[in-house]
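Owing to the predicted nature of the structure, the values given are computational and were not obtained by experimental measurement. By convention in this document, chain letters (A, B, ...) are assigned in the order of the sequence lines, proteins followed by strands, and residues within each chain are numbered from 1.
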Amino acid sequence: MQAFTTLSAIAAPLPMANVDTDKIIPARFLKTIKRSGLGQYLFAGLRYDDAGGERPEFVLNQEPFRHAEILIAHENFGCGSSREHAPWALLDFGFRCVIAPSFADIFNNNSFKNGILPVAVPREVCDQLMEDAKLGANARITVDLGRQLVIRPSGQEIPFAVDHFRRHLLLNGLDDIGQTMQRTASIAGYESRRLVAKPWMPVIAV
Amino acid sequence: MSETRPRTLFDKIWDDHVVERLEDETCLLYIDRHLVHEVTSPQAFEGLRAAGRKVHAPQSTIAVVDHNVPTSDRSQGIKEPESRLQVETLQENVLEFGVPFFDVLDRRQGIVHIIGPEQGISLPGMTIVCGDSHTSTHGAMGALAFGIGTSEVEHVLATQTLQQKPAKNMLVRVEGTLPPGCTAKDVVLAIIGKIGTAGGNGHVIEYAGSVIRALDMAGRLTVCNMSIEGGARAGLIAPDETTFNYIKGRPFAPKGEDFDRAVAYWRTLPSDPGAHYDTIVEMDGSEIAPMVTWGTNPEAVLPITGSVPNPEDTLDEAKRAQVQRMLEYMGLTAGMKLTDIPVDVVFIGSCTNARIEDLRAAAGVVRGRKVANTVRGLIVPGSGLVKKQAEDEGLDQIFLDAGFEWREAGCSMCLAMNPDKLMPGQRCASTSNRNFEGRQGQGGRTHLLSPAMAAAAAVTGHLTDIRELV
Ligand code: SF4
């Protein structure tokens with residue numbers, strides 16, 4: 001996983017609440033066995049018309065937002081299906097950070113695992129940032145994970161909270177499976193205790 | 001453990017599965033059951049292969065194909081190349097990594113959340129995960145069951161654990177008695193209507209109260225299934241005699257003395273009196289009516305006696321725009337009666353409502369009636385075994401006589417990944433769990449409701465109050 005420290009980038013405003021993962025990437029694009037190449041399908045329903053042409057009114061079809069690396073949205077971003085294709089599509093498009101008042105739990109987890117930082121700040125702040133974002137390429141927004149700050153083009157600093165453990169993994173780009181595999185002894189210990197406490201626990205064999 | 005503080009069902013299962021405390025509240029949590037399907041697993045197996053890792057506990061893992069499989073004749077294989085590739089990839093992965101598997105032609109094949117409880121794979125007190133948000137379904141067994149992403153699937157395959165923070169506890173208590181015509185589906189739709197699609201974010205919901213206690217396992221599974229639609233990763237119902245009777249004799253359930261020992265443990269699980277909940281929601285079951293969604297998220301739901309809302313009645317500007325957009329997408333006019341909405345397709349299936357009890361309820365409505373000639377009706381059993389049971393009971397004949405299609409088990413028209421899809425603009429009365437834009441096919445329109453209500457819509461050709469039909 002790519003580490004995330006600071007990002008200074010163009011932000012795309014998407015003033016919608018309850019953006020579900022079906023909207024981020026519809027199910028018909030999930031038939032892949034790879035993680036890459038999904039950026040072209042990001043927000044397909046909003047981005048393309050029925051004939052496959054771009055809808056000019058959609059933000060990601062406009063300059064400079066085609067090059068945005070930060071997405072700003074409203075409440076409950078990423079609700080619905082657990083598909084990790086949603087962060088994969090965001091990442092493949094170029095997004096490294098999503099700012100919203102709140103996130104659905106599974107999407108939040110999935111983002112961290114892919115080096116995308118979800119930043120939760122109050123709705124009023126999101127609305128301010130959206131106004132900033134509309135100024136386009138001249139108004140970069142900075143996200144500093146180390147200092148836990150979003151910095152507006154005006155220089156105003158907005159603090160945000162982030163889980164300490166996840167911040168550590170993301171700042172250092174650590175693979176959490178590798179981390180857990182250093183604990184095989186305690187996992188084995190748990191398994192022997194479980195065998196004694198729950199001897200009835202069936203195994204699956206078909 | 002020297003815990004004396006009263007604990008919830010969730011707290012007990014959590015405490016019982018902590019392998020190690022990592023940092024702050026984050027724990028390494030042991031996973032008892034890992035369910036795998038073809039859509040969210042290929043990249044996880046690929047990750048294992050790339051890192052030279054094995055599956056840590058294949059005997060705690062079960063794989064099945066469900067999302068991509070066609071629900072018509074399967075002897076011909078899968079025509080659509082990308083769907084076939086996903087299915088074949090899982091077939092290869094389970095062989096290579098030694099994971100137990102129900103293949104396409106296995107009688108036990110079905111929707112992952114139907115087969116877990118059906119096979120006795122999902123049991124009380126367990127931690128159960130799957131790369132699928134409707135893993136919340138298994139919480140009806142009294143298990144902590146939640147959906148995970150593909151990176152986490154890989155983590156569980158490699159280590160049989162997850163790095164997790166405990167959720168907050170929410171109690172949803174539904175007291176009283178349900179009025180006639182109301183089912184578990186109406187209960188959970190009413191709950192989501194009340195708490196909203198983000199109401200349960202960060203929480204595990206425990207459902208309790210006399211209405212929940214009175215539900216059979218099928219109904220409890222329906223309720224827990226839709227917890228994720230209320231924003232909660234997991235739903236839970238305390239195990240009781242209904243649960244134990246359901247489990248007894250299932251293929252992978254403990255047998256004989258083991259069963260008795262397991263039951264003794266399971267009886268210790270229900271929440272202690274005085275346990276703390278971060279959020280409590282109370283509902284009166286006698287006030288619930290048959291429900292139907294009118295919009296494009298599950299909280300856009302109303303009693304069938306209602307009318308399509310008017311955006312002008314909404315004060316919040318952003319909300320007003322959202323309602324407006326929903327009405328446009330759904331092709332509905334503000335103020336029209338819900339019972340005046342015609343439907344083109346009726347889909348009875350999905351992990352929410354494709355158990356034998358659901359098919360019986362639908363058959364009860366359909367018996368002696370015909371599907372309206374403007375409607376295409378599909379019945380898709382949740383598993384091969386549900387299908388067989390229904391055929392043994394003669395339900396298939398009732399559906400076929402009425403003009404329904406009787407299909408093979410799978411996710412089918414719940415999501416547009418296999419040949420069963422809505423055409424743009426088509427309107428569907430569906431027993432599934434999501435009414436998002438395009439969920440059942442690009443441009444398709446979904447109204448969520450119970451199996452009996454879906455059957456009623458099929459015979460009348462429009463959304464119908466089941467109480468006026470029976
Ligand atoms: S039936 Fe629908 S909700 Fe259930 S697992 Fe399949 S696609 Fe998901």
Could you check whether any side-chain N or O of A:D105 sits under 3.5 Å from a backbone N or O of B:N201, counting only pairs where one atom can act as donor and the other as acceptor?
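Here the side-chain-to-backbone pair does not exist.
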
Hey, does [Y] have a side-chain heavy atom less than 4.5 Å from the side chain of [X]?
X      : Y      : value
B:K165 : A:D163 : yes
A:S81  : B:L415 : no
A:I187 : B:T161 : yes
B:H17  : A:Y190 : yes
A:M201 : B:M126 : yes
B:R233 : A:I106 : yes
A:V206 : B:R108 : yes

Nearest-0.5 Å distance that lies between atom CD in B:E437 and atom CG in A:D22
10.0 Å

Output the distance between atom CD1 (A:I33) and atom CG (B:N93), rounded to the nearest 0.5 Å.
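One finds 8.5 Å between CD1 of A:I33 and CG of B:N93.
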
Measure [X] against the heavy atoms of chain B and call it side chain, backbone, both or neither at under 4.5 Å.
X      : answer
A:N114 : side chain
A:E191 : side chain
A:T21  : neither

Can you tell me which portion of B:S41 sits under 4.5 Å from chain A's heavy atoms? Options are side chain, backbone, both or neither.
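No part of B:S41 comes within 4.5 Å of chain A.
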
Residue part contacting chain A, namely of B:T159, when any heavy atom lies under 4.5 Å:
both

Shortest non-hydrogen contact from [X] to [Y]?
X      : Y      : value
B:Q86  : A:K31  : NE2-CA, 3.4 Å
B:R261 : A:P199 : NH1-CG, 3.3 Å
A:L30  : B:M417 : CB-CE, 3.8 Å

Relative to each other, are the rings of A:W200 and B:W266 parallel, tilted or perpendicular (30° and 60° limits)?
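Because their plane-to-plane angle is over 60°, the rings of A:W200 and B:W266 count as perpendicular.
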
Walk me through it: do B:L28 and A:R183 pass the test side chain to side chain contact (heavy atoms under 4.5 Å, CB included)?
CA-CA 9 Å; B:L28 197 61; A:R183 298 181 159 81; 4.0 Å; yes

Using a cut-off of under 4.5 Å on heavy-atom pairs, state which of [options] scores highest against chain A.
options                      : result
B:R53, B:H134, B:E299, B:E25 : B:R53
B:Q43, B:E82, B:E23          : B:Q43
B:K255, B:Q322, B:R439       : B:R439

